[in-house]
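Quick notes on the structure that follows.
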Protein chains: 4
Amino acid sequence: MPKVSADYKAKRRQEVIESALLCFAEKGFESSTMDDIVERSGTSKGLVYNYFKSKEELYTSLMEERSSKMFFTFREKFQQLHTATEKLKEIFSYYQEALKKEGYQDYLKVHFEWIIYASRNVKLKQKMVDRFEKEVCAFVEEIINEGIANGEFNPNLATGSVAAIFWAKVDGISLAYALTGNQDQYRDSLIESEKMLMKYLTTQLNK
Amino acid sequence: MPKVSADYKAKRRQEVIESALLCFAEKGFESSTMDDIVERSGTSKGLVYNYFKSKEELYTSLMEERSSKMFFTFREKFQQLHTATEKLKEIFSYYQEALKKEGYQDYLKVHFEWIIYASRNVKLKQKMVDRFEKEVCAFVEEIINEGIANGEFNPNLATGSVAAIFWAKVDGISLAYALTGNQDQYRDSLIESEKMLMKYLTTQLNK
Amino acid sequence: MPKVSADYKAKRRQEVIESALLCFAEKGFESSTMDDIVERSGTSKGLVYNYFKSKEELYTSLMEERSSKMFFTFREKFQQLHTATEKLKEIFSYYQEALKKEGYQDYLKVHFEWIIYASRNVKLKQKMVDRFEKEVCAFVEEIINEGIANGEFNPNLATGSVAAIFWAKVDGISLAYALTGNQDQYRDSLIESEKMLMKYLTTQLNK
Amino acid sequence: MPKVSADYKAKRRQEVIESALLCFAEKGFESSTMDDIVERSGTSKGLVYNYFKSKEELYTSLMEERSSKMFFTFREKFQQLHTATEKLKEIFSYYQEALKKEGYQDYLKVHFEWIIYASRNVKLKQKMVDRFEKEVCAFVEEIINEGIANGEFNPNLATGSVAAIFWAKVDGISLAYALTGNQDQYRDSLIESEKMLMKYLTTQLNK
DNA sequence: CATGAATGAGATTTCATTCAT
DNA sequence: TATGAATGAAATCTCATTCAT
């Protein structure tokens, strides 16, 4: 179907991406074959290779596009929230809600597999590290700074470290869930973790 | 009657296992070939297949043997420690020390890759979940209970959740290090995390 | 009634043919893709397939059309030449001049590749052999016969063999140039070759 | 069959090389598939890839090994020949004899295809040009110089050009044979060519 | 026991060709 | 007519595993 709208192409591309995600979720990146992806997307090998020049590029595009979206979503939601406490709560609540998404456990596996995969590739690693520092951590650090400015939080915090720990906890809890599939533990850990964090943020540290 | 001593066999087996670990660390499990492992171990294909009936079995044996060792080591060290606080400190200090090991970052990648890999295999997953609950979490829960019994810690703690969070943090911090290789952040996060945990364990929660 | 003029169609067809020649010159027939040709001609796949029903037909048409032209050109020029010696000189001079054409070395590669390609295809081979015997060799043989009739050349010549050798030399010299790109050698060889031939044609062979 | 003699390996390698040559002779390099070669050699894909790391490397090795042999053979035969005239005669006679070899016409196609193929690859081309200049042409030039020293040939010859023309003729004649398969013409052309050359070498050039 | 040559299923990728628009 | 998205057969190459020596 030649001379086709950009929209049409974007849609087909998205179909492929989604099929690929399902495959990677099920079997992992290396064990998913292009044939699996082709079959799942109901298209053809040629089509997939028209949109992505290799299996690796498909993987890379898929993962990078997904992560760009998340922070976009957060920033949007945050328009209506005005205290740092609310914002942090919002993030925790996002992760609580995630549980309801179909296939969330499998998606987490893809996420972690990707981190390890990227960490072994000089270029991807650089991108991921940059993103982690300048986007992911900075995002939370900003909120904490806002909280300090607002008087919500203890002004003596090592905000960088706290942000890093914040994500470390979320990742750690998610990783446990990716493995065990234990929803109660995931929920409880998030709740407990939130409390622990809030306590830390709001208490005066006596050095 | 064996032609060679059991010792000799164990040694060769260990050589293979160690070479495999180095390969997996470098390239990941799927991308490491038996030829890579054979070359690194200076042996032969046949030999490797004498000790392990498949690449997967080699992986499984390698990873399971390694994790058994860790808790054994902890329990040994704990003989001489008598307060829960000291024991927890010991664990944190173990992770601080790990940084000094050659190739620790790569090893962490293998560790996380393995978790994801195992989580996709019914049998392995079952083992891992069991181990996680009955050994890994229980290990920390025990210490916390000891601390409560000793009066070191707040008696109203949800010990199970705290134990889960404890490991979630360690894993989350390690995962960040596996990706970034940022040693300072790893160290700081562990320290901050320890403080955060201790504060939580020792403070009376109101409600 | 055609919607576009025959002229227009011929022009577009020629554009495709020329682009194809450039591609084949650069990469060879098998390694040039239809996409390469399409891109170079600034048209589209469909258009190319409207003019040529397959890549092979495009190749065949291209090569056959080109070789038809050459002899036509020679015969035209020969209108004004009246001795066999002049005519042979003219041919040698044509090959000397060829060197000045842009991309001549690459074109020669296409030429030789085509000979080998055609030689492997029963039908094409038949055509080529016919052409070689009835057109190419005969063309030179005719000139030599003319020279004998004129008294320019030795009447005892094996004219068929001499014609074959004539082309063998031209091809051999061209092949060397196709490989080496050594213009001096090409020029010198042609000159020397011309002398050698003339000597042979004009000398009384003692048996 | 592990731990096998170098001889055994060389033999297997040779089997593959010969099968490949037959395939290339039949269909050409690009159109011959590894499956064709595997089938003809009665082995397996893995085996072929154990000996040659790619189809191209197989081609390259095959062609380079063959051409090394030829000059070796000539130099050996020349031990017993003491005049330049005899040596040149020997070369012509070699090409006359070649006709008797099974599949010689097809082999010639492979030879010419290879020249064109190599000429499109910077590295191969360099090698071929070097070989052509320093081995192939030099070989004949040496003989001619010997003939001049012996008083067999005219001392005023442009030996370099003559050598180049010598091979140009042989190649040109062979190319015609590769295409037409006309054995009589091939033989006659060689004979005539030899005469023409000898006349040129032994005559005093006036000017 | 150790070796490593051999196997071949199966992976990724290419590209000539078709055909709906 | 012209377009170029879609197709899928077929190519190259990899690599876990086997087994004769």
Side-chain angles (χ1 to χ4, degrees), chain A residues 1-5 8-9 12-13 16 30-38 41-58, chain B residues 2-4 8-9 12 30-39 42-58, chain C residues 2-4 8-9 12 30-39 42-58, chain D residues 1-5 8-9 12-13 16 30-38 41-58:
Chain A
M1 293 132 219
K3 240 0 184 188
V4 112
S5 71
Y8 172 85
K9 288 184 71 171
R12 296 253 44 199
R13 196 189 127 98
V16 173
E30 314 252 17
S31 301
S32 298
T33 70
M34 283 308 241
D35 278 322
D36 292 335
I37 296 166
V38 162
S41 67
T43 61
S44 68
K45 278 233 244 304
L47 183 139
V48 174
Y49 276 94
N50 278 348
Y51 286 98
F52 304 94
K53 70 175 195 293
S54 67
K55 186 182 160 191
E56 170 156 356
E57 203 214 68
L58 169 52
Chain B
K3 292 216 185 116
V4 298
Y8 172 83
K9 289 181 66 172
R12 301 226 73 178
E30 312 254 18
S31 300
S32 297
T33 69
M34 283 307 242
D35 277 320
D36 291 335
I37 297 167
V38 162
E39 191 182 17
T43 60
S44 70
K45 283 250 188 67
L47 185 140
V48 173
Y49 276 92
N50 277 349
Y51 288 104
F52 305 95
K53 72 174 197 290
S54 69
K55 187 182 160 191
E56 172 161 353
E57 203 212 72
L58 169 52
Chain C
K3 292 214 185 112
V4 297
Y8 172 83
K9 287 181 69 172
R12 302 226 72 178
E30 312 255 17
S31 300
S32 298
T33 69
M34 283 305 242
D35 277 319
D36 292 335
I37 296 166
V38 163
E39 192 182 16
T43 61
S44 70
K45 284 247 187 73
L47 185 139
V48 174
Y49 275 93
N50 277 348
Y51 288 102
F52 305 95
K53 72 174 199 290
S54 69
K55 188 183 159 191
E56 174 163 350
E57 203 212 70
L58 169 53
Chain D
M1 293 131 217
K3 239 0 181 190
V4 113
S5 71
Y8 172 85
K9 287 183 73 172
R12 297 248 49 194
R13 197 189 124 97
V16 173
E30 313 252 19
S31 300
S32 298
T33 70
M34 284 306 243
D35 277 323
D36 291 335
I37 297 167
V38 162
S41 68
T43 61
S44 67
K45 273 230 246 306
L47 184 139
V48 174
Y49 277 95
N50 279 349
Y51 286 97
F52 304 95
K53 71 177 193 294
S54 68
K55 187 183 160 190
E56 170 157 357
E57 204 213 69
L58 170 52

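To find a chain, count down the sequence lines: A is the first, B the second, and so on, and within it residues start at 1. Any value given below was found using the heavy atoms of this structure, including those in side chains, with hydrogens, waters and symmetry copies removed.
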Going by the rule side chain to side chain contact (heavy atoms under 4.5 Å, CB included), which residues pair with C/Y49 if we only count those two or more places apart in sequence or in a different chain?
C/M34
For B/N50, what residues pass the side chain to side chain contact (heavy atoms under 4.5 Å, CB included) criterion, not counting sequence neighbours?
none
Identify, between C/S32 and A/E56, the residue whose nearest nucleotide on DNA chain E lies closer to the 5' end.
A/E56
Which part of the nucleic acid does [X] contact within heavy-atom distance under 4.0 Å: base, sugar-phosphate only, or nothing?
{"X": "D/R13", "answer": "nothing"}
{"X": "A/S5", "answer": "nothing"}
{"X": "C/K53", "answer": "nothing"}
{"X": "C/S31", "answer": "nothing"}

Identify the two heavy atoms, one from D/V16 and one from D/S41, that lie closest to each other, and give their separation to 0.1 Å.
CA-CB, 4.4 Å
Nearest heavy-atom approach of D/E30 to D/K55 is O-NZ, 3.3 Å
Within the structure, does a side-chain N or O atom of A/Y8 lie under 4.0 Å from either OP1 or OP2 of F/dA6?
yes
Any C/R12 side-chain N or O less than 4.0 Å from OP1/OP2 of F/dT1
no
Inter-end axis angle, the helix from E/dA2-F/dT21 to E/dT21-F/dA2, with every axis fitted to five base pairs (rounded, 10 degrees)
0°
For A/K45, which residues count as a side-chain hydrogen bond (donor to acceptor under 3.5 Å, both in side chains) partner, sequence neighbours excluded?
A/D35
My understanding is that only residues two or more places apart in sequence, or in another chain, count here; which of them pass side-chain hydrogen bond (donor to acceptor under 3.5 Å, both in side chains) with C/S32?
none
For [X] and [N], what is the distance between atoms [atom1] and [atom2] respectively, to the nearest whole Å?
{"X": "A/F52", "N": "F/dA6", "atom1": "CZ", "atom2": "P", "answer": "12 Å"}
{"X": "B/Y49", "N": "F/dC15", "atom1": "OH", "atom2": "C1'", "answer": "9 Å"}
{"X": "B/M34", "N": "F/dA16", "atom1": "CE", "atom2": "P", "answer": "7 Å"}
{"X": "C/E30", "N": "F/dA10", "atom1": "CD", "atom2": "P", "answer": "16 Å"}
{"X": "A/K55", "N": "E/dT13", "atom1": "NZ", "atom2": "P", "answer": "8 Å"}
{"X": "B/L58", "N": "F/dT17", "atom1": "CG", "atom2": "P", "answer": "10 Å"}
{"X": "B/D36", "N": "F/dT14", "atom1": "CG", "atom2": "P", "answer": "12 Å"}
{"X": "A/I37", "N": "E/dT13", "atom1": "CD1", "atom2": "C1'", "answer": "13 Å"}

Taking N or O atoms only and anything under 3.5 Å, show me the protein contacts with nucleotides 8-10 of chain E, one pair per line.
{"from": "E/dG8", "atom 1": "N7", "to": "D/G46", "atom 2": "N", "distance (Å)": "3.3"}
{"from": "E/dG8", "atom 1": "O6", "to": "D/G46", "atom 2": "N", "distance (Å)": "3.3"}

In this structure, are over 12 heavy atoms from other groups packed under 6.0 Å from B/E57 atom CD?
yes
Of the candidate nucleotides F/dT1, F/dA5, F/dT12, which contains the atom at the shortest distance from the side chain of C/N50?
F/dT1
Quick check for you: among E/dC1, F/dT1, F/dA6, whose closest atom lies nearest to any side-chain atom of B/K9?
E/dC1
Given side chains that start at C-beta, do those of D/R12 and D/V4 come closer than 4.5 Å, heavy atoms only?
no
Find which nucleotide of DNA chain F each of D/D35 and A/G42 is nearest to by heavy atoms, and output the residue with the more 5' nucleotide.
A/G42
Assuming nearest nucleotide by heavy-atom distance, tell me which of A/V48 and C/Y51 is located more 5' along DNA chain F.
C/Y51
Can you tell me how far the CZ atom of D/R13 sits from the CG atom of D/L58, to the nearest 0.5 Å?
8.5 Å
